[in-house]
Structure formats: C-alpha cells, structure tokens
*Asks:* 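Pasting in a structure now, in structure tokens, and then I'll have a few things to ask.
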Amino acid sequence: MRRQILLTALVAFPFLFARMPAFAQLSAPNDSGISIGHIHLYSKDPDAQKKIWVEALGAQVTKTGTLELLRLPGVFIIINKAEPTAGSVGSTADHFGLSVKDFADIKARLAAANVQVQGPFVGMPDGLRLELLEDKNQTLPVVMHHIHLTTLNGEMLRQWYVKTFGAGIGSRRNLPSAMFNGNEVDFLPAQMPPAPTKGRAIDHIGFEVKNLEAFVKKLQADGGTIDAPYRDLPNIGLKIAFILDPIGTRIELTEGLAGK
C-alpha cells in the first residue's frame with residue numbers, strides 16, 4: 001500500500017520533486033540541461049569563511065577530486081584563498097540569497113560567529129553580501145534561492161540569460177528574473193555601471209551544463225564571450241569553461257557537479 005501511494009505521488013506531482021533539491025543534489029536541470037551550480041568566493045582567510053558556512057548555515061564539506069566544496073541544497077560554495085580586490089557590492093554580482101526555515105535561529109547562529117545581520121542582509125567576511133529570506137513552509141533549514149545581479153538594463157540582461165541558458169521568464173518584487181527550477185537569477189537596477197566580478201569577493205557564479213563541450217562550441221559560434229576555453233580536468237572530476245555575460249559577470253560552466 002505504501003509503495004502504491006508513493007508511486008501515485010511521483011506520477012501525479014513530478015513538478016514538486018523537480019523543485020525540491022535533495023541535500024546532495026543541485027536543482028533539476030531545465031529543458032536546456034542547465035541548472036545553477038555554484039558560487040565561487042575569494043577569501044583572505046578561507047578557514048574562517050568556511051567555519052561560518054558550516055557551523056551557522058549548515059553547509060556540508062565534500063570533495064570532487066582535489067577540489068573542496070561546501071554543499072547546500074541547490075548550490076555548491078567554493079572558496080579560494082585570495083585577497084579580494086573588493087567586496088561583492090559594487091560588482092555585477094551584488095549578492096546571492098538563501099531561503100531559511102527559521103530566520104531567528106540562523107541569525108542567532110551568525111551572531112554567535114560574530115557575523116552582523118542587518119534586516120535580511122548578512123555581512124560575511126571579505127565584503128561578501130548575503131541575503132536571507134524566511135520560508136516557514138520549507139522542509140530543509142537552508143536552501144539556495146537566488147543570485148542578484150545589478151545592471152543598467154535588467155530586461156536586456158534577463159533576455160541574455162533566457163536565450164543563453166534556456167531560463168524561464170519571471171519576476172520578483174516587480175523586477176525581472178530568470179528562473180531555474182526552484183532558484184533564480186534576479187536583476188537589480190544600478191545607478192552606474194557595476195564593476196566586473198573577476199577578483200571580487202564573488203569572483204564568479206557557476207552553471208552546471210549537460211553536454212558542455214557542444215554548448216560552448218555553439219555559444220562561441222553565436223558570438224558569446226569565452227573567457228577560458230573548454231577543458232576536461234580529471235584531477236577535480238569536472239569539465240569546465242568560463243564565459244562572460246554582457247555586463248562582465250564571470251561565469252564558470254561545469255559538467256560533473258550534479259550528484260556530488
């Protein structure tokens with residue numbers, strides 16, 4: 001009887017499972033085979049940054065080959081030891097956001113780690129800005145929610161993400177969004193052109209792509225900006241490439257993160 005109920009639920013409500021990343025997985029890829037993959041940070045003290053992610057935000061430490069990853073439902077966080085040229089605010093990648101089940105609990109955990117929270121925003125080390133949104137109905141304590149990019153033309157940039165990555169068209173707070181099966185890229189209006197991300201606290205954002213080599217060839221043929229060519233890196237168990245969006249956001253494309 002239990003097995004029959006489960007099978008009925010899987011058939012009747014597949015969209016629920018597609019939008020709820022298991023702890024060990026990224027969100028389900030969209031129809032183009034793409035999902036949000038990771039956020040890559042620069043930190044002068046990676047151990048201090050990692051301690052906050054693990055103890056206050058519940059990230060789990062894992063590895064793919066020689067590469068250490070901090071795993072949260074729907075995203076991986078990767079931290080490199082490097083002095084950021086500046087924080088995330090002022091770059092195209094202003095911040096990224098997590099959805100939390102209990103904001104007061106997470107805030108207390110961050111306070112215990114001497115991390116300041118003002119309203120929904122967290123002042124992480126190295127000038128990294130993080131946003132927390134509370135959802136009492138979610139089942140997991142912390143899950144990936146959004147990447148927030150700043151731009152002079154949100155609609156133009158959204159259309160680039162829709163065309164390039166097959167994202168859905170959405171909105172949040174009456175501002176444009178590109179939707180990726182349970183999480184999203186949102187676009188904030190900027191008063192002046194934001195700086196490129198390379199070298200900043202958020203050095204780049206990442207998307208997991210099926211058939212990456214073919215994807216990069218097509219993108220290049222369509223005139224996309226390739227920042228570093230397609231490579232297969234057996235030492236970390238990933239295939240990667242780097243591209244730039246139209247406003248200078250550095251984007252790493254990976255194949256192999258899913259299921260890590």
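All of these numbers come straight from a predicted model, not from anything done at the bench.
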*Asks:* Is it the case that atom NZ in Lys101 sees more than 12 heavy atoms from other parts of the structure closer than 6.0 Å?
*Replies:*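 Yes, because the 6.0 Å sphere around NZ of Lys101 holds more than 12 heavy atoms from other groups.
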*Asks:* Evaluate Ile79 against Ser43 for side chain to side chain contact (heavy atoms under 4.5 Å, CB included), listing each step before the verdict.
*Replies:* CA-CA 7 Å; Ile79 307 173; Ser43 175; 3.7 Å; yes
*Asks:* Tell me, with the steps shown, if Met144 and Leu98 meet side chain to side chain contact (heavy atoms under 4.5 Å, CB included).
*Replies:* CA-CA 5 Å; Met144 178 61 180; Leu98 305 174; 4.2 Å; yes
*Asks:* Within the 4.5 Å heavy-atom criterion, are Leu128 and Gln49 side-chain neighbours or not?
*Replies:*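 In short, these two side chains touch, coming nearer than 4.5 Å.
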*Asks:* Carefully, step by step, assess Leu130 and Leu57 under the rule side chain to side chain contact (heavy atoms under 4.5 Å, CB included).
*Replies:* CA-CA 11 Å; Leu130 183 66; Leu57 295 167; 4.0 Å; yes
*Asks:* Measure the shortest side-chain to side-chain distance between Pro125 and Ile52 over non-hydrogen atoms and say whether it is less than 4.5 angstrom.
*Replies:*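 Yes - at least one pair of side-chain heavy atoms lies under 4.5 Å apart.
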*Asks:* Does any pair with a residue in residues 34-46 pass salt bridge (charged side-chain N to carboxylate O under 4.0 Å, His left out), and if so which ones, sequence neighbours excluded?
*Replies:*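 As it turns out, the salt bridge (charged side-chain N to carboxylate O under 4.0 Å, His left out) pairs with a partner in residues 34-46, which skip direct neighbours, are Lys44-Asp126.
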*Asks:* To which residues is Phe121 joined in a hydrophobic cluster, defined by side-chain heavy-atom contacts under 4.5 Å among Ile, Leu, Val, Met, Phe, Trp and Tyr, whether direct or through other members?
*Replies:*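 When side chains under 4.5 Å apart are linked, Phe121 ends up in no cluster with other residues.
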*Asks:* Treating Ile, Leu, Val, Met, Phe, Trp and Tyr as nodes and any side-chain heavy-atom pair under 4.5 angstrom as an edge, say whether Phe103 and Trp53 lie in one connected cluster.
*Replies:*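 Yes; Trp53 is reachable from Phe103 via cluster members.
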*Asks:* Testing the basics here: between Ala201 and Pro84, what is the closest heavy-atom pair and its distance to 0.1 Å?
*Replies:*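 Closest pair (atom of Ala201, atom of Pro84, distance): N-CB, 3.8 Å.
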*Asks:* Cluster question for you: counting only ILVMFWY and a side-chain heavy-atom cut-off of under 4.5 Å, with indirect links fine, are Val185 and Val162 together?
*Replies:* no
*Asks:* Show me the donor-acceptor pairs within less than 3.5 Å that the side chains of residues 237-257 make with the rest of the protein, sequence neighbours left out.
*Replies:*
residue : atom : partner : partner atom : Å
Asp245  : OD1  : Ile247  : N            : 2.9
Asp245  : OD1  : Gly248  : N            : 3.0
Asp245  : OD1  : Thr249  : N            : 2.9
Asp245  : OD1  : Thr249  : OG1          : 3.3
Asp245  : OD2  : Tyr161  : OH           : 2.8
Asp245  : OD2  : Thr249  : OG1          : 2.9
Thr249  : OG1  : Thr92   : OG1          : 2.7
Arg250  : NE   : Asp227  : OD2          : 2.9
Arg250  : NH1  : Asp203  : OD2          : 3.0
Glu252  : OE1  : His38   : NE2          : 3.0
Glu252  : OE1  : His204  : NE2          : 3.0
Thr254  : OG1  : Glu208  : OE1          : 2.5
Glu255  : OE1  : Leu212  : N            : 3.0
Glu255  : OE2  : Asn211  : N            : 3.4

*Asks:* Between Ser32 (side chain only) and Ile34 (backbone N and O only), is there a donor and an acceptor less than 3.5 Å apart?
*Replies:*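 Answer holds: no.
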*Asks:* Keeping Gln138 on the side-chain end and Ser99 on the backbone end, is there a donor-acceptor pair under 3.5 Å?
*Replies:*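 Confirmed, Gln138 side chain pairs with Ser99 backbone.
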*Asks:* Would you sort out whether Glu131 and His145 count as a side chain to side chain contact (heavy atoms under 4.5 Å, CB included), showing the intermediate values?
*Replies:* CA-CA 9 Å; Glu131 184 178 6; His145 188 271; over 6 Å; no
*Asks:* Identify whether Val209 and Ile226 are in the same connected component of the hydrophobic contact network (ILVMFWY, side-chain heavy atoms under 4.5 Å).
*Replies:*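 In one cluster with Val209: Ile226, yes.
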*Asks:* Okay, side chain of Thr151, backbone of Asn153: is any donor-acceptor separation there less than 3.5 Å?
*Replies:*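 At least one qualifying donor-acceptor pair exists.
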*Asks:* Are Ser35 and Asn181 packed together at the side-chain level, in the sense that at least one heavy-atom pair is separated by less than 4.5 angstrom?
*Replies:* no
*Asks:* In a table with atom names and distances, give each donor-acceptor pair under 3.5 Å that connects a side chain of residues 165-172 to protein atoms at least two apart or in another chain.
*Replies:*
residue : atom : partner : partner atom : Å
Arg172  : NE   : Glu184  : OE2          : 3.4
Arg172  : NE   : Asp186  : OD2          : 2.9
Arg172  : NH2  : His146  : ND1          : 3.3
Arg172  : NH2  : His146  : NE2          : 3.2
Arg172  : NH2  : Asp186  : OD2          : 2.9

*Asks:* Ignoring hydrogens and angles, tell me if any N or O in the side chain of Ser27 forms a donor-acceptor pair with the backbone of Gly182 under 3.5 Å.
*Replies:*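 No, the answer is negative, given that no donor and acceptor are paired below the 3.5 Å cut-off.
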*Asks:* Check whether Leu110 and Val54 end up in the same hydrophobic cluster, where Ile, Leu, Val, Met, Phe, Trp and Tyr are linked by side-chain heavy atoms less than 4.5 Å apart.
*Replies:* yes
*Asks:* Should the heavy atoms of other residues, nucleotides or ligands under 6.0 Å from CD of Gln191 be counted, would the total exceed 12?
*Replies:*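 Open: at most 12 neighbouring heavy atoms sit under 6.0 Å from CD of Gln191.
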*Asks:* So Ser91 and Ile202, do their side chains get closer than 4.5 Å, heavy atoms only?
*Replies:* no
*Asks:* Is the shortest side-chain N to carboxylate O distance from Arg109 to Asp105 below 4.0 Å?
*Replies:* yes
*Asks:* List the atom pairs, with distances to 0.1 Å, where a side-chain N or O of residues 213-224 and a protein N or O form a donor-acceptor pair under 3.5 Å, not counting sequence neighbours.
*Replies:*
residue : atom : partner : partner atom : Å
Lys218  : NZ   : Asp222  : OD2          : 2.9

*Asks:* With no hydrogens and no angle check, is any side-chain donor or acceptor of Thr197 less than 3.5 Å from a backbone partner on Ala93?
*Replies:*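 No; judged by distance alone, with no hydrogens or angles, the pair does not exist.
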*Asks:* I'd like to check the salt bridge (Lys or Arg N to Asp or Glu O under 4.0 Å) partners of Asp135; sequence neighbours left out, ordered by chain and number.
*Replies:* none
*Asks:* Is the closest side-chain heavy-atom distance between Leu41 and Ile78 below 4.5 Å?
*Replies:*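 Answer no - side chains too far apart.
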